[in-house]
Amino acid sequence: MARVKDKIPKKLRDAAWLAINRMPASAQRLFPHTDAHKSWQMKRLYERHGPPPPEAPTILFWIPGGMPLLLHVETVIAAALRLRGYNVHAIICDAPYRACVLREITEGVPLEKWRDACASCIASNRQVLDLMGIPYSSVGDYVPAEKREELWERTKGFDFGDARSLTHDGLYVGNNVTSTIIRYLQGAELNGHEDIVREYSYTALVTAEAAKRAYDRFQPARVFMSHGVYVDWGPALQTALKRSIPVTGWKASYLTSRFFFRHVHEPDRIDFHKLSNTAWARRLEKPLSEEEEESLKRFLDRRYHERVSFDMKKMHQYRGDVGRIRAKYRIESDKPVWGVMAHINWDSVSDYSPMAYESFDDWMVDTIDCVSRITDVQWLIKIHPVEAYDNPASGVQRLIQRRYPNLPDHVKVIPAEEELSPLEFFELVDGGVTVYGTSGLELCLMGKPVILAGEAHYGGKGFTYDGLNIDCYRRLLERAPSIDALPDEQLRLARL
């Protein structure tokens with residue numbers, strides 16, 4: 001019987017579903033694959049458990065929307081908490097602003113048409129929340145028209161410097177604005193796009209004002225959200241921290257259907273990958289079990305030999321032919337080889353923890369200036385492979401081409417287009433340099449030293465060389481020729 005529907009002509013099936021969708025909701029419930037049926041099932045589930053007690057704490061979900069897969073995860077968690085007896089409420093976007101995280105320069109959509117996508121976005125968000133039975137209100141509900149006019153007028157004539165220093169009622173939100181602008185530009189220059197500065201500044205102010213009023217209304221015991229850095233989320237997160245309201249953030253992990261959750265305590269240390277000191281201390285108390293060792297081995301094998309990866313797209317096949325790369329780039333055999341692993345220069349990871357430099361571009365420029373003077377190392381600057389198909393005209397590779405038309409012989413660039421597996425690069429080098437990149441951790445797993453220019457989630461644990469300010473970082477680069485492979489104890493810590 002399960003296959004009978006497959007034999008029905010598609011046109012007839014489409015007509016049947018269209019007829020079902022036109023039925024009253026009570027009739028649609030008879031068909032298990034309709035949203036009406038799923039919503040009805042959720043309602044019955046809640047009724048069996050009964051409503052939360054009046055004194056139950058409220059968990060507020062800050063879900064501006066636009067990313068349906070995030071919403072699916074968050075509403076499932078909200079539903080689970082509701083079934084456990086908590087009050088839950090979601091705050092979603094109803095387009096009180098037009099500049100949000102979904103906008104990107106690569107779309108080519110002019111600013112005056114940004115609102116065209118809002119209606120369908122709002123509808124899809126509400127559909128998921130209605131289906132899951134999660135009560136919600138909208139950002140615009142908390143910012144009346146006259147307040148919006150005041151905030152819009154305040155941003156008149158804003159330039160990038162104004163945005164960077166922006167505050168609202170004593171709350172600093174400038175970093176959220178600059179982060180979102182950088183993400184929008186995808187590495188391109190701001191020249192010619194200056195009008196977005198006012199738009200994103202206004203969004204940050206509206207978000208901060210809405211968060212302030214929503215927290216007044218609900219007095220939440222905890223706020224839950226993803227990202228936490230862009231104008232859609234960041235001001236709400238910062239408002240909660242300023243009021244000592246606990247915040248939990250989350251993001252997807254490197255494994256399918258796995259997620260990182262973290263209680264955020266410091267406004268400039270949001271990194272969801274980072275273990276707390278308590279968790280790391282617990283981990284240090286016991287060695288990896290046989291199951292954990294096998295799990296780690298299997299993960300790395302799948303990642304690089306089977307190319308099963310959540311975070312790396314279009315990965316090249318591992319050939320194991322390091323000699324080919326040595327010959328192609330004329331790598332000298334009498335010098336240690338260190339790899340500088342570039343970040344995507346607009347990546348939000350730079351907002352999650354402190355770094356030694358203002359931006360990834362600043363880090364790259366100063367690094368090249370420094371290593372150009374360290375001639376007893378062969379330096380290989382590995383461009384992030386994403387640049388081969390994403391923002392190639394404005395990424396790190398183009399930055400280097402413009403700024404350094406003639407690099408010294410001991411500094412070479414491996415472009416994003418190079419057919420090179422990350423594992424082959426790891427095997428080629430004797431050590432690595434990065435700011436936050438997970439590639440640094442993977443190098444350490446191979447026993448190779450890594451210099452960091454920021455508080456990476458795996459840094460500060462005894463197996464990395466941490467350059468947390470510019471002077472310290474530069475001194476570490478100068479030491480690179482004499483830094484040996486990791487001893488067994490540091491390798492053990494990296495595996496932990």
Side-chain angles (χ1 to χ4, degrees), residues 274 280 284 296 300 304 322-323 325-326 329-343 353-357 360 362-384 396 400 407-414 420 422-496:
K274 193 176 183 68
W280 176 239
L284 285 172
L296 178 56
L300 294 171
Y304 290 115
V322 174
I325 298 298
R326 279 189 170 276
Y329 289 92
R330 302 188 307 278
I331 298 172
E332 301 175 35
S333 58
D334 60 341
K335 293 182 179 180
V337 180
W338 277 69
V340 179
M341 296 167 287
H343 288 263
S353 289
M355 60 188 287
Y357 294 84
F360 286 138
D362 289 347
W363 163 67
M364 181 56 66
V365 167
D366 193 53
T367 297
I368 294 176
D369 287 344
C370 289
V371 301
S372 294
R373 297 188 294 270
I374 305 173
T375 57
D376 44 358
V377 170
Q378 178 72 70
W379 299 96
L380 301 179
I381 302 169
K382 178 71 173 69
I383 305 300
H384 199 291
V396 175
I400 296 173
L407 286 168
D409 289 341
H410 71 287
V411 180
K412 293 182 168 65
V413 175
I414 298 183
L420 176 68
L423 184 57
E424 290 169 329
F425 183 74
F426 296 162
E427 292 175 346
L428 173 65
V429 301
D430 298 299
V433 180
T434 185
V435 182
Y436 302 120
T438 305
S439 55
L441 174 56
E442 292 167 337
L443 263 184
C444 291
L445 291 175
M446 298 176 70
K448 301 188 178 186
V450 169
I451 294 171
L452 300 175
E455 290 187 19
H457 68 273
Y458 54 90
K461 292 177 172 56
F463 59 88
T464 55
Y465 293 84
D466 305 316
L468 303 183
N469 59 63
I470 293 175
D471 288 341
C472 179
Y473 171 69
R474 289 171 176 170
R475 287 195 296 271
L476 288 171
L477 291 179
E478 292 169 358
R479 287 180 54 197
S482 60
I483 296 178
D484 296 325
L486 298 185
D488 289 345
E489 174 59 15
Q490 288 183 311
L491 182 58
R492 182 186 75 85
L493 294 175
R495 294 184 68 79
L496 284 176

Chemist: Under the rule for side-chain hydrogen bond (donor to acceptor under 3.5 Å, both in side chains), what residues qualify as partners of Y357, not counting sequence neighbours?
Modeler: D366

Chemist: So does H410 get a backbone contact from the side chain of Q378, meaning a donor-acceptor N/O pair under 3.5 Å?
Modeler: yes

Chemist: Can you name the side-chain contact (heavy atoms from CB on, under 4.5 Å) partners of D471, sequence neighbours left out?
Modeler: N469, R474, R475

Chemist: What pairs with Y436 under ring-ring contact (aromatic ring centres under 6.0 Å, His included), at least two apart in sequence or on another chain?
Modeler: none

Chemist: Using the test ring-ring contact (aromatic ring centres under 6.0 Å, His included), find all partners of F426 that sit at least two apart in sequence or belong to another chain.
Modeler: Y304

Chemist: Spell out, as yes or no, whether a donor-acceptor pair under 3.5 Å connects the side chain of D466 to the backbone of G460.
Modeler: yes

Chemist: Should E424 and I325 be marked as a side-chain contact (heavy atoms from CB on, under 4.5 Å) after you check the CA-CA gap, both sets of side-chain angles, and the distance that decides it?
Modeler: CA-CA 9 Å; E424 290 169 329; I325 298 298; 5.6 Å; no

Chemist: Looking at side-chain heavy atoms only, is the closest gap between M341 and V435 below 4.5 Å?
Modeler: no

Chemist: Give a yes or no on whether the backbone of I374 and the side-chain of W379 come within a donor-acceptor separation of less than 3.5 Å.
Modeler: yes

Chemist: For E427, does its backbone N or O pair with a side-chain atom of K448 as donor and acceptor, under 3.5 Å?
Modeler: yes

Chemist: Taking atom types as modelled, find out whether H343 and T434 have a side-chain donor-acceptor pair closer than 3.5 angstrom.
Modeler: yes

Chemist: Work out which heavy atom in A356 is nearest to a heavy atom in G467; give both atom names and the distance.
Modeler: CB-O, 3.8 Å

Chemist: Does anything in residues 487-496 form a side-chain hydrogen bond (donor to acceptor under 3.5 Å, both in side chains)? List the pairs, not counting sequence neighbours.
Modeler: E293-R495, E489-R492

Chemist: Please say whether the positively charged group of K461, taken as NZ for Lys or CZ for Arg, lies over the ring of W280, i.e. under 6.0 angstrom from the six-membered ring centre and within 45 degrees of the axis.
Modeler: yes

Chemist: Who are the side-chain hydrogen bond (donor to acceptor under 3.5 Å, both in side chains) partners of R326, not counting sequence neighbours?
Modeler: none

Chemist: State whether the side chain of K335 and the backbone N or O of P481 hold a donor-acceptor pair below 3.5 Å, judged by distance alone.
Modeler: no

Chemist: Establish, from distance only, whether the side-chain atoms of T367 and Y473 form a donor-acceptor pair under 3.5 Å.
Modeler: yes

Chemist: Is there a side-chain contact between D430 and I483 in this structure, where contact means two heavy atoms from C-beta onward sitting under 4.5 Å apart?
Modeler: no

Chemist: Any side-chain heavy atom of W363 sitting closer than 4.5 Å to one from V340?
Modeler: yes

